[in-house]
> 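Sharing a structure with you now.
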Amino acid sequence: MLTPQDDLIGHQLPTTFDQLGTSDPAWMERLWYTAHPLAGNLILDLGLGYHPNRNVMDGFAGVTLDGRQYNFRASRRLRPDPLATRVGPLELSVIEGLKRHRLRLGPNDSKLTFDLEFVSSLRAHEEKPHFRRRDGRITEDMARAQQLGRYAGWLEVDGRRIEVAPEGWCGQRDHSWGIRGEMRTDESHPPLTFYPPFFYVWMTAQFRGRGLHVFLKERAPGDVIYLSGEEVFDAGQRPSEKNLLVAAAHDVEWAADPLGQTLKSAAFDLTFASGVSRRVSVEALPARYWLKGGLYGGLNGWFHGDDRGKLYTESDVWDLRKPEVRRMVRTLSDHVIAVRDGGEVGSGIIEYGVGKGYARYEGVQQHPPI
């Protein structure tokens, strides 16, 4: 099907731009963003999923504020408009690649609307490739890149309008594409994904004129199965391999949370390809967005890529102080953090989890890791 993108160069197949070189239904692209004030009392998460082999585009947006999470979710059929990055009232626009994006959520039933612009002067980070094969079948073959930036505009939550200015708001975005491993954590609709013992942390932080990306997975303490990371600087500066992360160690202190895995603070000993090593300390701030609100792992039988019809939207508000809500949302979340690196204090987010049987942090393993 011809689309306006077909007037541009960049085709990699002898067909139109909306076609893939594989029919695997797990192939997808995701655009994802977070925004939060430096004080860490609020976080906005939003994302858009493109599932061309399922003829579906889905999206979500949500804010956590004062113990409540406001969620909006939507899905549409791709065709006849397969490459438009919008689902109902949610629209994401690239104004200038690797620099400026516009994010909008128009009127809807979720008590959340916004009109924001993401602006970055930092170079984007390209993660190491993600590849996994199981029983002869490729279950993950994915690329992902992230970028740190600032926000301007406004958002409104439950009738409260909040002005967003770049000196007080920061955040991050990522763009991933390829075959993505399925994650099923919706206990109301088994089967669930089995996770062997593991520890993982994904973290971003930004300081004045630089940023930090860390992604670590371990099967056992010191047994690294994936490590990707980099210290990034101004977009005009040429990338250097000496800024790549080559080793990471961790020491996490967990909060006394009877309802789930909650990080209180952590120290990371990071070593870069230049030979430089340093300790980075993290303190968790109040705002935390549980990604179950964006269908990660599935919610009430709705999973990423499911066909919900020509256009479908839904919304809800969760009281995160209720035990039954916390059991439903599990652990996977974007948690705002303050990050100390030498004499500087920066701001970012962290995702984390520890699976049952990992030989550290046993005190939180009664709660689900994802």
Side-chain angles (χ1 to χ4, degrees), residues 26 30 32 34 43 45 47 49 60 62 64 67-69 71 73 130 132 134 139-140 180-203 214-221 223 225-226 250-266 282 284 286-306 316-337 349-370:
R30 182 170 301 285
W32 167 92
T34 71
I43 182 169
D45 263 56
F60 76 96
T64 301
R68 293 181 179 273
Q69 183 163 310
N71 300 303
R73 293 176 287 274
H130 298 260
R132 186 167 60 229
R134 180 173 296 166
T139 58
E140 187 172 64
R180 195 179 186 114
E182 184 181 32
M183 176 173 58
R184 296 182 66 97
T185 61
D186 181 1
E187 296 184 11
S188 70
H189 285 73
L192 305 184
T193 302
F194 168 76
Y195 292 102
F198 75 96
F199 169 83
Y200 95 98
V201 62
W202 181 90
M203 178 177 73
V214 177
F215 193 0
L216 169 68
K217 299 179 186 178
E218 290 183 337
R219 185 65 67 217
D223 180 12
I225 56 175
Y226 182 84
H250 52 90
D251 188 16
V252 177
E253 180 180 359
W254 300 92
D257 183 354
L259 301 177
Q261 295 188 10
T262 298
L263 180 144
K264 179 181 180 182
S265 63
V282 166
R288 183 179 180 185
Y289 180 84
W290 271 268
L291 286 158
K292 184 66 71 174
L295 299 177
Y296 285 72
L299 177 66
N300 299 325
W302 183 5
F303 295 86
H304 286 149
D306 284 354
D316 45 36
V317 181
W318 296 340
D319 185 343
L320 297 170
R321 294 161 294 194
K322 292 184 175 181
E324 62 270 24
V325 173
R326 287 291 306 280
R327 283 195 296 269
M328 176 188 66
V329 301
R330 298 170 66 95
T331 293
L332 183 63
S333 58
D334 292 320
H335 201 161
V336 182
I337 51 175
I349 63 166
I350 190 169
E351 298 179 2
Y352 49 81
V354 54
K356 187 170 291 186
Y358 183 80
R360 288 184 73 186
Y361 312 135
E362 291 88 349
V364 297
Q365 292 182 26
Q366 73 270 29
H367 303 298
I370 295 292

> Begin from the C-alpha positions of T193 and R184 and carry the test side-chain contact (heavy atoms from CB on, under 4.5 Å) through to its verdict.
CA-CA 5 Å; T193 302; R184 296 182 66 97; 3.6 Å; yes
> Is there a donor-acceptor contact under 3.5 Å from the side chain of H130 to the main chain of R180?
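No.
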> Over all heavy atoms of both residues, which pair between W290 and W318 is shortest? Give the atoms and the distance, please.
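Scanning both residues, the minimum pair turns out to be O-CZ3, 4.5 Å.
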> Could you please spell out the steps behind the side-chain contact (heavy atoms from CB on, under 4.5 Å) verdict for R73 and D316?
CA-CA 9 Å; R73 293 176 287 274; D316 45 36; 2.4 Å; yes
> Would the distance check show the side chain of R326 and the main-chain N or O of L320 forming a donor-acceptor pair, the cut-off being under 3.5 Å?
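Judged by distance alone, no pair lies under 3.5 Å.
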> Under a 3.5 Å distance rule, please check whether Q261 uses its side chain to pair with a backbone N or O of V364 as donor and acceptor.
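Checking the backbone N and O of V364 against the side chain of Q261, a donor-acceptor pair under 3.5 Å is found.
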> Under the 3.5 angstrom rule, does the side chain of S265 hit a backbone N or O of E253 as a donor-acceptor pair?
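No: the side chain of S265 does not pair with the backbone of E253.
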> Between V252 and Y361, which heavy-atom pair has the shortest distance, and what is it?
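Nearest heavy atoms, V252 then Y361: N-OH, 3.1 Å.
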> Please give me the minimum heavy-atom distance between H367 and D257, naming the atom from each residue.
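Where H367 meets D257 most closely, the heavy atoms are NE2-O, 3.7 Å.
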> Looking only at heavy atoms, which two atoms of Y352 and T262 are closest? And how far apart?
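In terms of heavy atoms, the two residues are closest at OH-CA, 3.6 Å.
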> Please walk me through it: do M183 and I370 pass side-chain contact (heavy atoms from CB on, under 4.5 Å)?
CA-CA 9 Å; M183 176 173 58; I370 295 292; 3.4 Å; yes
> Is there a donor-acceptor pair under 3.5 Å between the side chain of T331 and the backbone N or O of P368?
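Yes, T331 side chain to P368 backbone: donor-acceptor pair under 3.5 Å.
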> Are the side chains of L216 and H250 in touch, meaning some heavy atoms are under 4.5 Å apart?
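A side-chain contact exists here, since the closest heavy-atom pair is under 4.5 Å.
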> Donor-acceptor check, side chain of Y296 to backbone of L332, threshold 3.5 angstrom: yes or no?
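Such a contact is absent between Y296 side chain and L332 backbone.
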> Do side-chain atoms of T34 reach the backbone of D45 as a donor and acceptor pair under 3.5 angstrom?
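Not at all, since once roles are kept as given, no pair shorter than 3.5 Å links the two residues.
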> Which class fits the ring pair F215 and Y200: parallel under 30°, tilted 30 to 60°, perpendicular over 60°?
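Rings of F215 and Y200: perpendicular, over 60°.
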> Hey, can you pull the donor-acceptor pairs under 3.5 Å for the side chains in residues 185-192, sequence neighbours left out?
| from | atom 1 | to | atom 2 | distance (Å) |
| --- | --- | --- | --- | --- |
| T185 | OG1 | K292 | NZ | 2.7 |
| D186 | OD1 | S188 | N | 3.1 |
| D186 | OD1 | S188 | OG | 2.6 |
| D186 | OD2 | S188 | OG | 3.3 |
| D186 | OD2 | N300 | N | 3.0 |
| D186 | OD2 | G301 | N | 2.6 |
| E187 | OE2 | R330 | NH1 | 2.8 |
| H189 | ND1 | G301 | N | 3.3 |

> In terms of the angle between their ring planes, are W32 and W202 parallel, tilted or perpendicular, with boundaries placed at 30° and 60°?
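Correct class here is perpendicular.
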> Which atom pair, heavy atoms only, marks the closest approach of R288 to S333?
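Closest approach of R288 to S333: NE-OG, 2.7 Å.
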> Any chance you could measure H304, atom NE2, to F60, atom CZ, to the nearest 0.5 Å?
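It is 6.5 Å, given to the nearest 0.5 Å.
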> For residues 351-370, which residue pairs pass the salt bridge (Lys or Arg N to Asp or Glu O under 4.0 Å) check, not counting sequence neighbours?
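Listed by first then second residue: D251-R360.
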> What's the separation between atom CG in L263 and atom CE in M203, rounded to the nearest 0.5 Å?
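Nearest 0.5 Å value for the CG-CE distance: 10.0 Å.
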> Any side-chain heavy atom of F198 within less than 4.5 Å of one from Y226?
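No - every pair of side-chain heavy atoms lies 4.5 Å or more apart.
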> State, yes or no, whether a side-chain contact exists between E182 and F303 at a heavy-atom distance under 4.5 Å.
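Contact flag for E182/F303 side chains = no.
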> With a 4.5 Å cut-off on side-chain heavy atoms, are P221 and Y358 touching?
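Of all side-chain heavy-atom pairs linking P221 with Y358, at least one is under 4.5 Å.
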> Does Q69 use its side chain to pair, donor to acceptor, with the backbone of G62 at less than 3.5 Å?
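It does not hold such a pair.
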> Minimum heavy-atom separation for P323 and L259, please, with both atom names.
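For P323 versus L259, the nearest heavy atoms are CB-CD2, 3.9 Å.
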